[in-house]
Amino acid sequence: MMSKKTSLLFLALLVGAVSALAVANTTKPLADRHKDVGLTCDACHGDGPQKPVTMSKCLACHESYAKIAERTKELEPNPHDNHLIDLECTKCHIGHKTQENYCRSCHADMEFTKSSQAALILPADHARVFELNR
Amino acid sequence: MKLMSITRLHILCAVAAIAMAIPAFAATPQFTHETDVVIVGAGGAGLSAAQTLLEGGAKVILLEQNPFPGGTSNVAEGIFGAESKMQRDHYFGPPMQTKDSLFKHEMEYNHWKANATLVRWFVDQSGATIDWLQEEGVPFEEVSQTTYDGVRTWHVIKGHGATLVKVLFGKVKSNPNATVMMETGATDLITDDHKHVIGVVAKNQDGELRIKAKAVILATGGFADNPEMVKQYAGNAFAGSVANFHKVGFGIQQATKLGAETEAMNVLMNSAVYDKKKAEHPGPANPTDLQFDAVSQQPMNIMVNSLGERFCDEVIANNFTLQANAIERQPGNFAWIIFSQDLRKHYADDGIDGGMGVIVPAGTKVAKFDAALDEYVKEGDRNVYSADTVEELAAKIHVPAETLKATIESYNHAAAVNLDAAFAKDRYFMKPLTGKLYAFREVIRYLVTSGGVKTNLNFQPLDKDHKPIEGLYIVGNDVGGINADSYGLSSPGTSFGFAVGSGHQAARAILASSK
């Protein structure tokens, strides 16, 4: 278990790491994208036996579903604001595989579109624009 | 009385001390959680129950086996209501429609084989339940009907059922008295020595949970996704459910295990649909195939059976229950939908004459269907065919050519003289079938099962002596008695309305009993 102080330090490092990043491709597996910004396995998996990551771990850094929805609000429909409220992140963002659109389990033709070249704004303090590759 | 020897007394004391050290109910496995009410299933019924209980101050654990809430309510559209404020405001309330008139409508539709007490309760509470949902923030867009023969009971939600799920689940989830567990399937009920239900066993990726509760509500949505069970009760599983939400009959199985009686277990909310290629995913069909479904439900088509004969007034295709019932009587439980090049153009350019609910509303210009039709025909394995002559079409769909020829000639004559001697079809919907013809195979599927456990009006399951099973409540499509032999589409919104209404009522009964 990380102490609160260590967690804060970790978060500060994370913010720094992400800020150092220019552009990430969303077709790349999530784990690789995290790796690209300098995160290590234990950032998500902890230092114990490596288990699947759950939403609480994601939200420890990415804050909340509402905040994430705010960051993707320019997409239509907003992938983080719908009737599947608080869907486990890994249903789409499969750690070590290319991410999938879980909505397509039912909505076979669901696309998240933006009028022009889509750009996803990551957390404000990260201050980076990620190109959305569809 | 002979005194015990010191040694023996010591041993007894030692045994007693050991016994006291072991928890009092060593025989009963320990509970991992405790709450006021456990709700199994976060569909329309479970969510309605949860929100009502939370508003009454109860603590709730809500279990959902799927990764997402809502179950079949995600694909439902509107809610049955009688004497709602919306009906009044749109002039569809009294005196045009009253609770009394709608109660009679329901019972006559069901030939008085339905549970009249339950139906009366259902109709009577329905308007107030709509008002309650509006207060909860569920937005409605219109009061409507979905068939030509319908009554205006259908309170269509803005964004349809998924919006109700979003609103109610959002409220439940943010309530500190609620614990919501997704991907957590109940596996068993826990009873005490009096066979009263005192908890639920559930399982998720963290292992087994044993939840102690003052009451348990089963809201698992029936058994449409359990083909063996459908076959057992309905005699035929047909082409399976329309949309698989893993409704396998948990609620009904658990309640009957404790002695609950069931009724109307053979009643399916059946629907005649285009025999499409199975989708890769278990959810509803893709938007193109949904338009094929909608086209297959158009009254201007004709339907023939495998013998090449018409078998109904095709205007019933506007009511999917009736269409499916008529198809069920045909050899092999399927039909061929036949329409002409002119009708194809009519559906694409003018729009369809009857909606498939509000998923593909009346008037929709079915461009996706029109764009895909030639490709589907060309692919050859999509149960869609076209031909320039009746003989050629007959060969492709394997029906006797002479019979099909006679059927279409006779129909075209009926259209020309405005009189369908065979099935009295309204002349408005009769157009001669000439030129290029199309056919698709139409089969029976079902959205939900409508039969289930017998209950009292507090939604406690009843045993053979009509005594309630204590500690247990059962709601929504796990309950039987609302529909007797067919789903009632002419008073739309009954299944969704019953789910929400019964969940609301069971919760109120629990709150009242705990005061």
Side-chain angles (χ1 to χ4, degrees), chain A residues 1 30 44-46 48-60 62-73 75-113 134, chain B residues 42-44 47 62 64 66-76 138 157-174 178 180-184 204-206 242-246 276-291 359 368 371-372:
Chain A
M1 205 64 174
L30 187 79
C44 298
H45 292 287
Q50 296 198 349
K51 280 188 182 168
V53 175
T54 56
M55 193 197 308
S56 57
K57 194 75 196 173
C58 309
L59 296 185
H62 294 274
E63 299 168 275
S64 70
Y65 239 95
K67 285 261 173 87
I68 297 165
E70 182 62 24
R71 284 167 211 139
T72 57
K73 70 180 175 191
L75 290 178
E76 178 59 40
N78 189 334
H80 299 107
D81 178 17
N82 53 50
H83 61 114
L84 307 189
I85 297 178
D86 295 357
L87 183 73
E88 212 23 90
C89 308
T90 51
K91 295 294 170 202
C92 298
H93 306 289
I94 309 159
H96 295 279
K97 291 181 190 157
T98 305
Q99 67 184 25
E100 278 181 12
N101 182 351
Y102 188 80
C103 298
R104 288 196 183 176
S105 309
C106 292
H107 303 278
D109 63 345
M110 175 78 76
E111 295 270 3
F112 304 120
T113 53
R134 277 179 288 111
Chain B
L47 289 175
L62 178 60
E64 172 54 53
N66 290 319
F68 54 87
T72 318
S73 292
N74 284 309
V75 293
V138 177
I157 300 164
K158 276 185 191 150
H160 308 161
T163 304
L164 178 138
V165 173
K166 189 181 176 191
V167 170
L168 292 186
F169 189 70
K171 288 188 125 170
V172 169
K173 224 181 150 190
S174 61
V180 177
M181 298 181 181
M182 306 306 286
E183 294 185 80
T184 305
N204 62 22
Q205 63 170 9
D206 297 330
V242 167
N244 189 336
F245 290 102
H246 311 113
K276 53 191 80 66
K277 265 190 175 175
K278 286 269 164 80
E280 196 182 326
H281 293 293
N286 68 61
T288 301
D289 284 356
L290 283 174
Q291 291 200 348
I359 290 180
K368 288 190 168 98

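Note that the structure is a prediction, hence the values are computed from the model and not measured. The chains referred to below are lettered A, B, ... by the order of the sequence lines, with proteins before strands, and numbering in each begins at 1.
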Could you grab the distance from atom CZ of B:F169 to atom NE2 of A:H83, nearest 0.5 Å is fine?
12.0 Å
Residues forming a side-chain contact (heavy atoms from CB on, under 4.5 Å) with B:L290, sequence neighbours excluded:
B:A285, B:D293, B:M356, B:I359, B:V360
Check whether any side-chain heavy atom of B:M182 lies under 4.5 Å from a side-chain heavy atom of A:E88, and answer yes or no.
no
So what's closer than 4.5 Å to chain A heavy atoms on B:P67: side chain, backbone, both or neither?
both
Please look at A:T54 and chain B and tell me whether the side chain, the backbone, both or neither of the residue comes under 4.5 angstrom of a heavy atom of that chain.
side chain
In this structure, NZ of B:K173 is separated from CD1 of A:I85 (nearest 0.5 Å) by 8.0 Å
